Amino acid sequence: MPRETWVLGAASNRFGKMKETGREAASRVALEAIQTAGIEPKDIGYTFVANAFGLAERQAHVGPLINTALGIPEVPSCTIESACSSSSAALHEAYVHVAGGFHDAALVVGVEKLSHLDTLTATSYFAIGADYPFESHNGATFPGLYATIANAHMRRYGTQTEQLGAVAVKNHANAALNPHAHFQKPITMETYLGSPVIASPLRLYDCCPFSDGAAALVVVAAEKFPNPRTEPLVIRASTRAGSIADMHDRPELTGLPASQRASHLAFQQAKVERSQIDFMEVHDCFTIAELVALEDMGFFPRGEAGTATAEGLTARDGKLPVNPSGGLKAKGHPVSATGASQVVEIFEQFNQLAGKRQVPKTGLALAHNVGATGSSASVHIFGRR
Ligand SMILES: CC(C)(COP(=O)(O)OP(=O)(O)OC[C@H]1O[C@@H](n2cnc3c(N)ncnc32)[C@H](O)[C@@H]1OP(=O)(O)O)[C@@H](O)C(=O)NCCC(=O)NCCS
C-alpha cells in the first residue's frame with residue numbers, strides 16, 4: 001500500500017519577466033516552499049527539478065546548484081523533462097518515491113527563463129517539444145497545432161469564437177486578482193474580439209504568453225510529519241498517461257487521449273466522482289485547450305464546455321471554478337514551472353491564502369497538465385486530511 005503523501009509546502013514567484021537567473025529563482029522559491037512547510041532543507045531526501053529549456057540560459061543540471069544553494073549538496077537530484085508537463089511529471093516522481101517509502105520528503109522545483117529570447121526564437125525552441133522532423137520542421141508551431149484542434153472542435157461541435165473568448169475573459173479576470181500572475185489586468189470580450197489573429201481561429205488573447213517563472217513544492221510522508229503547520233494537500237491521485245505524439249497520426253483531433261486516460265485513472269485511484277471536485281486548475285495553453293480538457297476529463301459532454309463557460313459555470317463564483325489562478329492563459333506559462341504552480345494555487349486555496357480569488361469550497365481539487373499537444377498528460381487529485 002502506498003503511504004499517505006502530502007504536499008506540505010508550496011511557493012511561486014511572480015510569473016512574467018524575471019531579473020534573476022533561473023537557478024537563483026528556483027533556489028529562492030525552493031527555500032520558500034521548505035519554510036512554508038515548516039521543515040529544514042536537511043529533511044529533503046531527493047530533489048526533482050523540471051527545466052526543459054535550461055539551455056536557453058546555457059545552464060542544464062540545475063538540481064545540484066539548487067541543492068548547494070540550500071546547503072544540502074549531498075542530496076541527489078535529477079531533471080525531469082516532459083515538455084509543458086515537466087513539473088507535474090516531477091511531482092509524480094516525488095509522489096512515487098515518497099509514497100513508495102524510498103524517501104520521507106522530496107522537493108519539486110520547476111523553473112524556466114526565456115524572456116531574453118525574441119518570439120521567433122522562443123517559438124522555435126518550444127517547437128522541439130512536438131515531433132521535430134515531422135511537425136516542427138514542416139512549420140508547425142504550438143499556436144498552429146492548437147489552432148488545428150480548435151478548427152476541428154468548431155467544425156464538429158459548432159464551438160463559437162465568443163466561447164473561446166469567454167475562457168480568456170474569465171482567466172484574465174482571475175489573474176487580475178493573483179499576485180503571482182504575468183498579466184494582472186482584466187480584459188473585455190471587445191478587447192478579445194479586437195485582438196489580432198495569431199493562427200486562425202486563435203487570436204492573441206487565446207494564447208498563453210511566454211513567461212519566466214519558478215514554483216516549488218515539498219512532498220512528504222504523512223506519518224513522518226504528524227503535526228503540520230499548514231493545511232497539507234493529501235495526494236489522493238497522481239497519474240500520468242501518454243498518447244500518439246503526432247497529431248496527423250491521431251484518429252481524432254477534438255480531444256486528447258492522454259488527458260482522458262490520466263483522468264480516468266485518477267478518479268479510480270482517488271475513489272471519487274467528478275461531481276465531488278470543488279475546483280480545478282487545467283491546462284489552458286490556448287483557450288480551446290481548457291474546453292477540450294473539461295470534456296476529456298468528463299466534466300461536460302463533448303461540445304458543451306464552451307456553452308458552460310459562456311454561461312459562467314466555470315467562473316470563480318460558478319458551480320465549478322476552473323483556473324482561479326488565471327491559468328496558463330493569464331497567470332502565464334513558464335513551461336516547466338506550470339504544473340507545480342497549479343499545485344501552488346491549490347495549496348493557497350486550501351490554506352485560505354488566495355485573497356480575493358478565494359473559491360468557496362476547497363474540499364477536493366484537481367490539477368491537469370499537458371505536455372505538447374497531449375502526447376503526455378498528468379492528473380493529480382488533492383483532498384484534505
Ligand atoms: C501570442 C504570441 C505570438 C504573441 O507574441 P508577440 O506577437 O511577439 O507579442 P509581444 O511579445 O511582442 O507582445 C506584444 C504585446 O502583447 C502582449 N502579449 C503577448 N503575448 C500575449 C498573450 N499571449 N496574451 C495576452 N497578451 C499578450 C504583450 O504583453 C505586449 O503588450 P504591451 O504592448 O502592452 O507590452 C506569443 O505570446 C506566443 O506565441 N504565445 C504562445 C506560446 C506557446 O506556444 N507556448 C507553448 C504552449 S503549448
Side-chain angles (χ1 to χ4, degrees), residues 14-17 50 52-53 56 81-88 110 112-131 135-136 139-150 164-165 167-176 181-213 245 247 256 258-259 282-290 292-293 323 326-339 341-342 368-378:
R14 181 182 172 181
F15 289 179
K17 198 172 170 62
F53 296 109
E81 195 274 314
S82 179
C84 304
S85 65
S86 293
S87 56
S88 61
E112 219 71 79
K113 176 159 175 157
L114 290 139
S115 62
H116 52 292
L117 306 180
D118 58 69
T119 299
L120 184 61
T121 310
T123 302
S124 65
Y125 272 46
F126 277 31
I128 63 170
D131 184 328
E135 293 180 322
S136 320
T141 61
F142 280 112
L145 291 166
Y146 274 91
T148 305
I149 294 175
L164 299 180
V167 175
V169 170
K170 167 181 73 70
N171 289 353
H172 272 271
N174 291 348
H182 185 153
F183 297 125
Q184 298 186 9
K185 224 172 51 183
I187 60 162
T188 62
M189 185 60 86
E190 288 66 40
T191 314
Y192 167 83
L193 290 170
S195 68
V197 171
I198 300 294
S200 179
L202 302 179
R203 296 160 188 274
L204 177 68
Y205 285 103
D206 286 301
C207 306
C208 64
F210 290 110
S211 316
D212 300 334
M247 281 183 24
L256 307 183
S259 296
V282 308
H283 195 92
D284 60 328
C285 51
F286 299 91
T287 50
I288 185 63
E290 178 166 316
V292 166
N323 285 327
L328 286 62
K329 166 73 267 285
K331 183 188 60 182
H333 183 29
V335 181
S336 293
T338 289
S341 81
Q342 294 177 319
H368 160 262
N369 190 201
V370 168
T373 51
S375 39
S376 301
S378 312

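Atoms within a ligand are numbered from 1 in the order they appear, just like the ligands themselves. Please read all numbers here as calculations on a predicted model, not as lab measurements.
At a 4.0 Å heavy-atom cut-off, ligand 1 does not touch Val335 at all. Residue contacts with ligand 1, taken as heavy atom pairs separated by less than 4.0 Å, do not involve Ala330 at all.
Within the 4.0 Å cut-off (strictly below), no protein heavy atom is located near atom 34 (O) of ligand 1. Using a 4.0 Å threshold on non-hydrogen atoms, atom 44 (O) of ligand 1 counts as touching the protein. In this structure, atom 13 (O) of ligand 1 has its sub-4.0 angstrom surroundings free of protein heavy atoms. For atom 9 (O) of ligand 1, the nearest protein heavy atom is 4.0 Å or more away.
For the pair Lys329 and Glu290, the salt-bridge criterion is not met [side-chain N within less than 4.0 Å of a carboxylate O].
Expressed to the nearest 0.5 Å, how far OG1 of Thr148 lies from CE of Met247 amounts to 4.5 Å.
When the heavy-atom distances from atom 39 (O) of ligand 1 to Phe126, Phe210, Phe286 are ranked, the shortest goes to Phe210. When Tyr125, Phe183, Tyr146 are ranked by how near their heavy atoms come to atom 29 (O) of ligand 1, first place goes to Phe183.
Proximity to Cys207 (heavy-atom distance under 4.0 Å) selects the following atoms of ligand 1: 1 (C), 22 (C), 23 (N), 24 (N). The distance from ligand 1 to the heavy atoms of Phe142 drops below 4.0 Å at these ligand atoms: 44 (O), 48 (S).
Counting only distance, with no hydrogens or angles, the side chain of Asn323 and the backbone of Val282 share a donor-acceptor pair below 3.5 Å. In this structure a side-chain-to-backbone donor-acceptor pair under 3.5 Å is missing from Arg203 to Gly194.
Checked by distance only, ligand 1 and Cys84 stay at 3.5 Å or farther apart across all their nitrogen or oxygen atoms.
Side chains of Thr188 and Thr191: a donor on one and an acceptor on the other come within 3.5 Å. Side-chain contact, Ser85 with Asn369: no donor N or O sits under 3.5 Å from an acceptor N or O.
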